[in-house]
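We count residues from 1, following the sequence as given.
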Amino acid sequence: MSDAATAEKTAIDAQSAIPPEELDRLTDDIVAALKTVYDPEIPVDVYELGLVYRIDISDDRDVTIDMTLTAPGCPVAGEMPGWVENAVGAAPGVGKVTVRMVFDPPWDQSRMSDEARVALDMW
């Protein structure tokens with residue numbers, strides 16, 4: 001988990017009425033679900049690509065995800081939010097899922113995880 005993701009998770013833990021162990025499980029299940037969604041043009045999942053900017057889990061277990069695309073004109077721009085919503089919505093214990101597309105800040109390659117860089121041979 002990146003430093004930013006750890007800091008965000010810590011901030012969520014401090015504010016949540018969900019027991020910490022359940023919140024950890026939900027977070028792990030949501031991330032696992034996100035890792036099943038791939039950009040069809042790139043052999044890396046949306047989470048490792050760094051397309052997911054924010055995951056918010058409310059006390060009633062509804063999930064809001066802020067994400068972006070590698071480019072605003074991405075051919076799957078209309079479909080990707082539905083793929084993410086369906087994948088995360090299938091995770092155990094998750095309520096309603098809302099996916100918001102954001103383009104600020106714009107995505108760039110620095111947002112990719114080391115795992116994504118290895119998969120794309122970008123070292």
Side-chain angles (χ1 to χ4, degrees):
M1 188 178 299
S2 72
D3 291 342
T6 301
E8 181 175 323
K9 183 181 177 316
T10 302
I12 290 171
D13 286 348
Q15 300 169 11
S16 182
I18 300 172
E21 56 282 344
E22 182 181 353
L23 187 60
D24 287 346
R25 183 195 54 77
L26 274 171
T27 302
D28 290 347
D29 289 348
I30 290 166
V31 169
L34 289 167
K35 288 182 172 206
T36 68
V37 181
Y38 285 77
D39 182 318
E41 296 179 347
I42 304 171
V44 177
D45 66 79
V46 297
Y47 187 81
E48 296 298 338
L49 270 175
L51 298 180
V52 176
Y53 286 178
R54 183 171 174 267
I55 301 168
D56 182 55
I57 304 169
S58 71
D59 289 345
D60 58 1
R61 292 154 185 79
D62 291 342
V63 177
T64 302
I65 297 171
D66 290 351
M67 68 172 292
T68 195
L69 302 168
T70 54
C74 177
V76 295
E79 298 170 60
M80 180 101 46
W83 298 344
V84 169
E85 183 179 326
N86 290 338
V88 172
V94 169
K96 179 182 170 205
V97 178
T98 303
V99 177
R100 298 187 300 208
M101 296 303 296
V102 298
F103 295 99
D104 186 32
W107 179 87
D108 63 54
Q109 294 179 359
S110 70
R111 296 185 174 278
M112 292 191 302
S113 69
D114 289 345
E115 182 178 315
R117 291 178 197 286
V118 168
L120 297 173
D121 198 24
M122 296 183 75
W123 286 105

- request: Apply side chain to side chain contact (heavy atoms under 4.5 Å, CB included) to the pair Leu34 and Asp45, showing each step before the final yes or no.
  value: CA-CA 7 Å; Leu34 289 167; Asp45 66 79; 5.8 Å; no

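- A pairwise comparison of heavy atoms in Gln109 and Met122 identifies OE1-CE, 3.0 Å as the closest pair.
- No path of Ile, Leu, Val, Met, Phe, Trp and Tyr side chains, each step under 4.5 Å between heavy atoms, connects Tyr38 with Leu69, placing them in separate hydrophobic clusters.
- Applying the side-chain hydrogen bond (donor to acceptor under 3.5 Å, both in side chains) test to every pair with at least one member in residues 76-91, sequence neighbours left out, gives no pairs at all.
- Put simply, the side chain of Tyr53 never gets that close to the backbone of Asp104: no donor and acceptor are under 3.5 Å apart.
- Listed here is the closest heavy atom pair of Pro81 and Met101: CG-SD, 3.5 Å.
- A donor-acceptor pair is defined here as one N or O able to donate and one able to accept, closer than 3.5 Å; no such pair exists between the side chain of Arg61 and the backbone of Ile18.
- Minimum heavy-atom separation, Leu49 to Met112: O-CG, 3.4 Å.
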- prompt: Passes side chain to side chain contact (heavy atoms under 4.5 Å, CB included), Ile30 versus Val94? Steps please.
  reply: CA-CA 8 Å; Ile30 290 166; Val94 169; 4.0 Å; yes

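- Remark: Asp59 pairs with no residue by the side chain to side chain donor-acceptor pair (under 3.5 Å) rule, at least two apart or across chains.
- Taking every heavy atom of both residues into account, Ala87 and Ala33 meet most closely at O-CB, 3.4 Å.
- Distance check: Leu23 CG to Ile57 CD1 gives 5.0 Å after rounding to the nearest 0.5 Å.
- In this structure Arg100 satisfies the side chain to side chain contact (heavy atoms under 4.5 Å, CB included) test together with Arg54, Thr64, Asp66, Thr98, sequence neighbours excluded.
- Nearest heavy atom pair, residue Arg111 against residue Pro106, reads NE-O, 3.8 Å.
- Across all non-hydrogen atoms, the minimal contact from Pro92 to Leu26 is O-CD2, 3.6 Å.
- Results of the side chain to side chain contact (heavy atoms under 4.5 Å, CB included) test with Leu51 over Ile65, Val46, Val84 single out Val46 as the only residue that passes.
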